[in-house]
Amino acid sequence: MQITLTQPDDWHLHLRDDAMLRAVAGSTARHFSRALIMPNLVPPVVTGNDARSYRARIVKAVEEALPGSNFTPLMTLYLTESTDAGDVVQAAADGTILAVKLYPAGATTNSASGVTDIDRVMPVLEAMAQHDIVLCVHGEVTDSGVDIFDREARFIETVLEPLRRNLPELRIVLEHVTTREGASYVADSTKNLAASLTPHHLMINRNHLLAGGIRPHYYCLPIAKREEHRQALVNAATSGDPGFFLGTDSAPHTRATKESSCGCAGVFNAANTMVCLASVFEEAGALDKLEAFVSLNGPQWYGLEPNRSTMTLRKETNETPLPDVITVGDDRVIPFDPARPVYWNVVDPDFS
Ligand code: NCD
Ligand code: ZN
């Protein structure tokens with residue numbers, strides 16, 4: 001069995017910088033035509049100038065890793081309480097950025113410069129609503145009193161819903177949705193709200209992370225939830241609803257920083273996202289909905305044309321091996337293990 005799709009895009013990607021950027025850039029460019037690049041570097045990508053120089057570093061790294069690829073990075077700015085609305089509007093107007101990212105302070109990896117109180121960034125959000133600039137949201141509250149498994153649902157009730165009522169014209173992506181509550185909140189909304197979904201949240205639940213031993217390579221934020229939530233996410237991804245699209249949240253960390261007494265959050269899935277998704281959609285009897293999820297819904301939301309290039313995936317009789325471990329300096333990045341056999345392969349494009 002073989003399927004050909006419009007070439008996919010990744011609407012949520014961490015590429016990092018320096019040696020890590022050079023090590024992982026090819027994994028995305030091999031399959032994806034465009035990716036929305038997360039700004040949580042240390043220090044973060046805050047201004048239009050930061051985004052332009054980071055974009056140039058990414059383009060260079062991709063050219064070196066995979067000469068001849070058609071990859072285009074689409075940039076975001078990291079929203080802080082001192083972000084200048086004028087700079088955001090200018091960076092969107094001149095094509096430097098496609099979106100702005102809101103991290104609640106302390107929610108996840110490299111989010112210390114994030115927002116402690118949404119009221120403090122209202123002038124920027126109002127300018128974004130006026131100029132039709134998309135806000136991408138890491139949707140978790142950070143109060144230590146809220147259980148980590150409840151942080152997404154609580155964010156929707158206490159931050160997202162009030163924000164949307166206050167500023168209905170602001171277009172928002174609730175990123176890497178992990179709960180039934182999140183999926184139905186987005187599915188039921190009628191305007192200006194979309195969601196990205198990751199391959200790992202479509203394939204693993206919290207038992208994969210915690211039962212029979214702790215598996216740090218499945219630790220990411222938002223944390224994987226119960227099986228019933230995973231099933232709700234699969235239903236959303238395979239529904240054909242244009243409000244759901246792929247954001248891999250591929251987030252490389254070295255093995256030493258993952259396998260640690262305080263391990264980093266993030267799953268590195270760039271290299272096998274597409275073969276994993278073919279498997280998930282086939283199992284759901286929804287291969288005909290895969291193209292909408294990976295290649296059509298995202299560009300439509302962002303007001304871009306779908307790619308002209310195509311990707312062909314083929315189902316093989318033998319199990320597809322896991323991607324190679326990636327070397328970074330004297331450490332390694334371990335790719336996502338979907339915890340089940342996958343039989344799909346990317347035939348073309350594959351610039352390797
Ligand atoms: C991301 C990272 O490592 O930058 N980690 C993660 O678990 N997803 C940050 C993020 O997107 O939350
Ligand atoms: Zn992320």
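Counting convention: from 1, in listed order, for ligands and their atoms alike. Please read all numbers here as calculations on a predicted model, not as lab measurements.
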- Message: Tell me the closest heavy-atom pair linking S196 and E175, and the distance in Å.
- Response: OG-CA, 3.3 Å
- Answer yes or no: does atom CD of E319 have more than 12 heavy-atom neighbours from other residues, nucleotides or ligands under 6.0 Å? yes
- Message: Are the side chains of P338 and N272 in contact, using a 4.5 Å heavy-atom criterion?
- Response: yes
- Within-cut-off N or O pair, A265 and ligand 1, under 3.5 Å: yes
- N/O of H14 under 3.5 Å from N/O of ligand 1, yes or no? yes
- Message: For a quick check under 3.5 Å, do Q130 and E126 share a side-chain donor-acceptor pair by atom type?
- Response: no
- Task: Could you list the atoms of ligand 1 found under 4.0 angstrom from a heavy atom of H138?
- Result: 12 (O)
- Query: Is there a heavy atom of D249 sitting under 4.0 angstrom from any atom of ligand 1?
  - Reply: yes
- State the CZ-OG1 distance between R230 and T178, to the nearest 0.5 angstrom. 13.5 Å
- Can you tell me the protein heavy atom closest to atom 7 (O) of ligand 1 and the distance? L221 N, 2.8 Å
- Item | N-O pairing of K225 and E181 below 4.0 Å | no
- Do me a favour and list the nearest non-hydrogen protein atom to atom 10 (C) of ligand 1 with residue, atom name and distance? T108 OG1, 3.4 Å
- Test side-chain contact (heavy atoms from CB on, under 4.5 Å), reference F32, set T273, N70, L13, T72, output is T273
- the Zn ion (ligand 2) to nearest N/O/S of D249 less than 2.8 Å: yes
- Message: Tell me the contacting part of R16 for ligand 1: side chain, backbone, both, or neither, using a 4.0 Å heavy-atom threshold, strictly below.
- Response: side chain
- Should E152 and R180 count as an ion pair when the cut-off is N to O under 4.0 Å? no
- At a non-hydrogen distance cut-off of under 4.0 Å, which region of E175 contacts ligand 1 (side chain, backbone, both, or neither)? neither
- Query: With a cut-off of 2.8 Å, does H138 place any N/O/S atom under that distance from the Zn ion (ligand 2)?
  - Reply: no
- Mind checking whether H253 has an N or O less than 3.5 Å away from an N or O of ligand 1? yes
- Less than 3.5 Å between some nitrogen or oxygen of G266 and one of ligand 1, yes or no? yes
- Message: Within the supplied structure, the quantity of interest is the number of heavy atoms (other residues, nucleotides, ligands) at a distance under 6.0 Å from D143 CG; does it exceed 12?
- Response: yes
- Query: Do you know the tightest heavy-atom contact between L221 and E140?
  - Reply: CB-OE1, 4.0 Å
- Item | Residue part near ligand 1, for N40, under 4.0 Å between non-hydrogen atoms | side chain
- Message: I need the atoms of ligand 1 closer than 4.0 Å to a non-hydrogen atom of C220, numbered in the order shown.
- Response: 7 (O)
- Query: Of all the atoms in H176, is at least one N, O or S atom closer to the Zn ion (ligand 2) than 2.8 Å?
  - Reply: no
- The side-chain contact (heavy atoms from CB on, under 4.5 Å) partner of L170 among L135, V134, D132 is L135
- Query: Has ligand 1 got any nitrogen or oxygen that is less than 3.5 angstrom from a nitrogen or oxygen of Y103?
  - Reply: no
- Query: Which single N/O/S atom of H14 lies at minimum distance from the Zn ion (ligand 2)?
  - Reply: NE2
